[in-house]
Amino acid sequence: MPNEKNIQVKGIKCRAYPNYAQQVLLTKTFGCNRVVWNKALEIKQKAYKNRGKTISVITIMRAVTIWKHSYMPWLADVDSISLQQTLRDLDKAYKSFFRRGHGYPKYKSKTEQQSYRTNNPKVIDENHIYLPKVGSVRCRITQDITGRTLNATVSKTTTGKCFITLQTEFEPERLEPVDKTIGIDLGVKDAVICSDGVVFENQHITKKYEKKLARAQRKLSKTKGSRKGEKASNRHKKARRNVARIHEKIANSRRDFTQKLTSQLVHENQVIAAEDLNVSGMLKNHYLAKSVADVSMAEIVRELKYKSEWYSRTFVQVDRFYPSSQLCSVCGYRNPATKSLSVRAWTCPRCGTHHARDINAARNIEQEGLRILGWDTPEEKSCLDNPNSSVSSRTRLHVA
């Protein structure tokens, strides 16, 4: 229907500046949620060990109510909705481990990032957000919030910064359709290689900070509190925050790069084709793991997926076993000798076209993506005039 609204959900992260009383209450809320998580996880583990069954989230919620009136009266001082949500999150994580093979839930530590989720937040104005039990918190809101606010996640990083992430409904801006398709090849030397020849270089963000990070970690290891059982000194806490700041800088730089890159690709192209890479398997290769993690392959694909859905673009993934690097993008000849990563360029023995490995792979990914979608490109004549045109091989054979 032409008037149908495309309602999506996104998170808007705002830097928060709570006053001293609010900081004390937030710290207490973080601690209570951490205690409830750890206690509930212990109960679930014992129940599964003794009976081979877990305990439902409703049963544990009732137990928390009993705790409040018995030996944990301080649980009543914080937002009760956040405690219930923590138990739901634990139950979801527990089920994901057994049903989907995700990581087993871990006990939470006070030295890690702290967070809790609550309902009924209210945006008072452009500089204040109301949270249950906490009140009006001064914030820096950088985006317009026009839709309904669903919930809020309050978090505190290891560097001491406080954030409020609002999950809101919004209607994405409708982008004008463009007559352009593209295939992308994700790599390590270059982050993204496009079928039209555009290359986005790998920023090597970890490499930029690794010397500074190593220096800070050596300094941390020499302070009192680095060994197990030692009480952390003030110097140790200061050194730990310094290490956390460097990690935070690396994470922020990666996020900035991937967000700008994926937004540009989605705005400029109607169809985007990419490989369905086994990134978790690639990370098990000790020679490539650091470089693969630094380039954020999985995050680039994830952002392309949801942004394509937001802005009515088409995103398609090609099977990971598709031999994109071995096929000639012009005539379709398969050259097994190019399977080795050391071959960066090759000439097709059938048609004589010289290929750069990554650009040729991106063109093949684009052609395969169009074939999966069942789309024929309208540039049938241009593929005869230009043998390097990135149209699908099915269309080229049809024209011939």
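Numbers here are sequence positions counted from 1.
Remark: the backbone N or O of S109 is paired with a side-chain donor or acceptor of Q114 at under 3.5 angstrom. Panel note: side chain T262, backbone Q259; a donor-acceptor pair is recorded below 3.5 Å.
Side-chain atoms of T165 and K13 form no donor-acceptor pair, as typed in the model, at a separation below 3.5 Å. For the residue pair R363 / N360, no side-chain donor-acceptor distance below 3.5 Å is found, with atom types taken as modelled. Using modelled atom types, one finds no donor on one side chain facing an acceptor on the other under 3.5 Å when comparing N120 with T118. Using a 3.5 Å distance cut-off with no hydrogens or angles, the side chains of E366 and T181 do pair a donor with an acceptor. Side chain to side chain, D294 and T206 meet the donor-acceptor criterion of an N or O pair below 3.5 Å. Between the side chains of H128 and S136, not a single donor N or O lies within less than 3.5 Å of an accepting N or O. Residues K108 and Q113 have side chains that never bring a donor and an acceptor to within less than 3.5 angstrom of each other. A donor atom on one side chain and an acceptor atom on the other are not found under 3.5 Å apart for Y333 and Q326. A donor and an acceptor atom, one from each side chain of Q22 and K133, are nowhere located under 3.5 Å apart. Checked by atom type, the side-chain pair T258/E299 shows no donor-acceptor distance below 3.5 Å.
Contact check for M72 versus H69: no side-chain heavy atoms found under the 4.5 Å cut-off. With contacts defined as side-chain heavy-atom distances shorter than 4.5 Å, the pair I55/R51 qualifies.
Relative ring orientation between H355 and W346 is described as tilted, the plane-to-plane angle lying within the 30° to 60° band. Ring planes of Y311 and H267: tilted class, angle from 30 to 60°.
For the pair K156 and F30, the cation does not sit on the ring face, since its NZ or CZ is not both under 6.0 Å from the ring centre and inside 45° of the axis.
A side chain to side chain contact (heavy atoms under 4.5 Å, CB included) with R117 holds for exactly one of Q85, Q84, Q167; it is Q85.
In summary, the aromatic rings of Y48 and F98 are positioned with their centroids under 6.0 Å apart. Aromatic ring centres of W37 and Y107: separated by at least 6.0 Å. Checked against the 6.0 Å centroid criterion, the rings of F200 and F257 do not qualify as a close aromatic pair.
Of all the heavy atoms in A362 and I193, the pair that sits closest is CB-O, 3.5 Å.
Cluster annotation: I365 and V198 are assigned to distinct hydrophobic clusters (Ile/Leu/Val/Met/Phe/Trp/Tyr, side-chain heavy-atom contacts under 4.5 Å, transitive).
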